[in-house]
Structure formats: C-alpha cells, structure tokens
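Each remark here refers to the structure printed beneath this line.
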Amino acid sequence: MSDKTLQDHPDFDAPTFAERHYADFPEGLRTNMVMSIDGSVSFRGRVGPLSSPADRALFHALRALSDVVLVGAATARVEKYGPPALSDELIALRSRLGWPGASDIPRLAIVSQSCSLPERSLDVPPEQRPIVITSARADTSPVHDRAEVIAVGDETIDLPAAIDELRARGLRRIHCEGGPSLLDKLTEADLVDEFCVTMAPQVTGEGSPVTDSAAAVLSPLDAPRRFRLAHAVPHHDDVFLRYVR
C-alpha cells in the first residue's frame, strides 16, 4: 500500500474525516486494512486492486495519526515500502492536534526474522532510517548501520516485548498495516486495540476462510475477541468501519 497517492479524492476530505472520526486514539495499536466483500485482503498478492481513491487518502491520514507505522517484511517487500510520507495537509493535521514533534513523519518499523528489507526502506537519510524488529538469533548484517534494530525473543520474535520497546521509545500510537501473518500474530497475542477496515465493493474469487472451509486454519484463541463498532461510514460504495476494544 506504500504506492498510494497522497492526493485526496476530489469529494473526500481525508484530513477532516480522520480528525473527526479517528483522532481520539491517544495510544495503542491500531490496524488498517481493506477487504473485499468475499473476505480477501489482497488480489493476486497486492492490496492496490481492492483500494479506491478515498481509501488511499484515508490510508495516509491514518498514518498521520500515528507515531510509528508497523508492517511485516513480506508486505514491505511486495509493496516496496519506503519511509512514510505526509502531505502538507496531513502535517497541518498533526499540528492542529497539538502533538509534540507535529512536523515529524511517523517512523517505519518492519518485523523481519531474516532482516531482508526492501532497498527503498534502507536507502534513506539517517533521520529516516527504519526500525527492524527481529529476534536475538537473527543475522542483522543486512541492515547493519542502516536501521535501528530491536532484537526481542531468542529463537522467534517476541511481539509483546517488541511493542513494549516501541512504547519505551515514545512511539505509543502504533499503526499496523499488515500483512495477514503479522496481524494474526498480534491478534493471538491480544495486542490489537483497534481495527480500521475499508469494506471494498469487490469480489476476488481467490477463496477465504469465509468461502473456502478447506482453507480455514483453526485459531489458537480460546474464544473470539469481541470489539465494539465505533462507526460505519459509507462513501460511494466503500464502507469505512472502525472497531475498538
């Protein structure tokens, strides 16, 4: 989703919409995704085909309401992630909200056991270098001197400890953009405070746990986690959904 344009949809004022409906999120872990009506979160491995101009504008506005953008390495590679970029309107939104360092862009944090990151995320000025979240046994040489490394967990990445480390650095508004594997792990660890979903008026025919029971994977949770619907706002054929604890 990193290739999404910064230009708002002509009849959709994303900064104002985000300020009105999403800014009351002082800290926590928020996720953002787009989903087809038959349950897919991508088409042929990419999110872009599901997204509308309004969804793309809201995507950037929600980034502006965060201290750090969290993403899995596979998604970062497929979508060619670089450091988050904000328009002047979104920097003004941060200023209106009175956030310290309101002119700063959010940090980028990539979860990766292999430390294999897209070059676009590493070939940046020092002040924009990403955070790499990995485990103690990982070979960090691919990102040595090009990223800030958080190594948590001995054999595998300890996500609760990683979130604590982000918060210890003052990155308390955490905005997760996937992918599905990272989102599943965060959900299993009960770390997600808010789900923001754009329901796209499309079907993919790719199968999902909703439509293809053979592909379903049993959840490790003892019971489904329940969230409260904060809003459901239609825009043309999209519906913007926000669920909170």
Side-chain angles (χ1 to χ4, degrees), residues 1-25 28-66 69-72 74-75 78-79 81 90 173-188 191-213 215-217 219 221 224-245:
M1 297 174 71
S2 62
D3 293 333
K4 293 185 172 186
T5 178
L6 296 178
Q7 182 178 1
D8 286 351
H9 193 281
D11 64 347
F12 183 71
D13 183 350
T16 299
F17 184 81
E19 184 174 7
R20 181 180 303 150
H21 293 287
Y22 295 92
D24 57 332
F25 188 62
L29 195 154
R30 163 186 279 167
T31 71
N32 180 34
M33 70 188 77
V34 61
M35 179 180 292
S36 70
I37 55 178
D38 62 344
S40 295
V41 294
S42 65
F43 180 70
R44 297 185 176 178
R46 297 295 301 266
V47 175
L50 298 182
S51 183
S52 66
D55 173 62
R56 290 191 286 271
L58 182 59
F59 169 89
H60 282 283
L62 292 182
R63 278 187 162 189
L65 299 178
S66 71
V69 173
L70 180 67
V71 65
T75 295
V78 169
E79 303 291 346
Y81 264 61
L90 292 177
R173 302 178 187 92
I174 302 168
H175 182 73
C176 179
E177 296 175 357
S181 177
L182 175 59
L183 182 56
D184 285 347
K185 290 181 174 65
L186 291 168
T187 302
E188 291 168 15
L191 294 171
V192 181
D193 299 295
E194 181 170 313
F195 286 86
C196 299
V197 182
T198 298
M199 186 62 66
Q202 302 188 66
V203 296
T204 67
E206 291 193 348
S208 70
V210 174
T211 60
D212 186 0
S213 60
V217 177
S219 171
L221 297 178
R225 300 288 187 258
R226 186 172 182 83
F227 282 66
R228 176 179 60 84
L229 179 65
H231 70 237
V233 182
H235 178 74
H236 295 307
D237 293 327
D238 288 334
V239 181
F240 299 122
L241 303 165
R242 183 186 180 197
Y243 287 91
V244 300
R245 283 186 182 272

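FYI, side chains are in, hydrogens and waters are out, and symmetry mates aren't considered; it's all heavy atoms of this structure. Fair warning: this is a prediction, and the values are worked out from it, not measured in the lab.
- The ring of H235 has its center closer than 6.0 angstrom to the ring center of F12.
- Looking only at distances, a side-chain donor or acceptor of S66 sits under 3.5 Å from a matching main-chain atom of R63.
- Two residues are said to be in side-chain contact when any heavy atoms from C-beta on lie closer than 4.5 Å; K185 and S181 meet this criterion.
- Going from atom CZ of R226 over to atom CZ of R245 covers 14.0 Å, rounded to the nearest 0.5 Å.
- Here the side chains of D193 and V244 are not in contact, with every heavy-atom distance at 4.5 Å or above.
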Quick one: do M33 and F195 satisfy side-chain contact (heavy atoms from CB on, under 4.5 Å)? Show the steps, please. CA-CA 8 Å; M33 70 188 77; F195 286 86; 4.0 Å; yes
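- In this structure, CG on L70 lies 6.5 Å from CG on L29, to the nearest 0.5 angstrom.
- Few gaps surround CG on D184; more than 12 heavy atoms of other groups in view lie less than 6.0 Å from it.
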Pair V34, V41 - check side-chain contact (heavy atoms from CB on, under 4.5 Å), show working. CA-CA 6 Å; V34 61; V41 294; over 6 Å; no
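- When all heavy atoms are compared, the tightest approach of L221 to T187 is CD2-O, 4.1 Å.
- Going from atom CZ of R30 over to atom CD of E177 covers 11.5 Å, rounded to the nearest 0.5 Å.
- In this pair, H21 and H231 present their aromatic rings perpendicular. The plane angle is above 60°, beyond the 30 to 60° band.
- The shortest distance between side-chain heavy atoms of I37 and P201 does not fall below 4.5 Å.
- Side chain of S42 to backbone of V47: no donor-acceptor contact under 3.5 angstrom is found.
- Between the side chain of S36 and the backbone N or O of S40, at least one donor-acceptor pair lies under 3.5 Å.
- Rounded to the nearest 0.5 angstrom, I174 CD1 and L191 CG are separated by 8.5 Å.
- Across A18 and A61, no two heavy atoms sit closer than the pair CB-CB, 3.7 Å.
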Is there a side-chain hydrogen bond (donor to acceptor under 3.5 Å, both in side chains) between T198 and D238 once you walk through the steps? CA-CA 7 Å; T198 298; D238 288 334; over 6 Å; no
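- Taken to the nearest 0.5 Å, the CG atom of D55 stands 11.5 Å off from the CE atom of M199.
- Rounding to the nearest 0.5 Å places CZ of F240 at 11.0 Å from SG of C196.
- Taking 4.0 Å as the cut-off between side-chain N and carboxylate O, E194 and R242 count as a salt-bridged pair.
- The two residues T75 and G178 come nearest to each other via the heavy atoms OG1-C, 3.9 Å.
- Note that R173 lies outside the cation-pi zone of F25, set by a 6.0 Å cut-off to the ring centre and a 45° limit from the axis.
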Test side-chain contact (heavy atoms from CB on, under 4.5 Å) on L58 and N32; report intermediate values, then the result. CA-CA 10 Å; L58 182 59; N32 180 34; 5.8 Å; no
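- Ring centroids of Y22 and H175 are separated by 6.0 Å or more, keeping the two rings apart.
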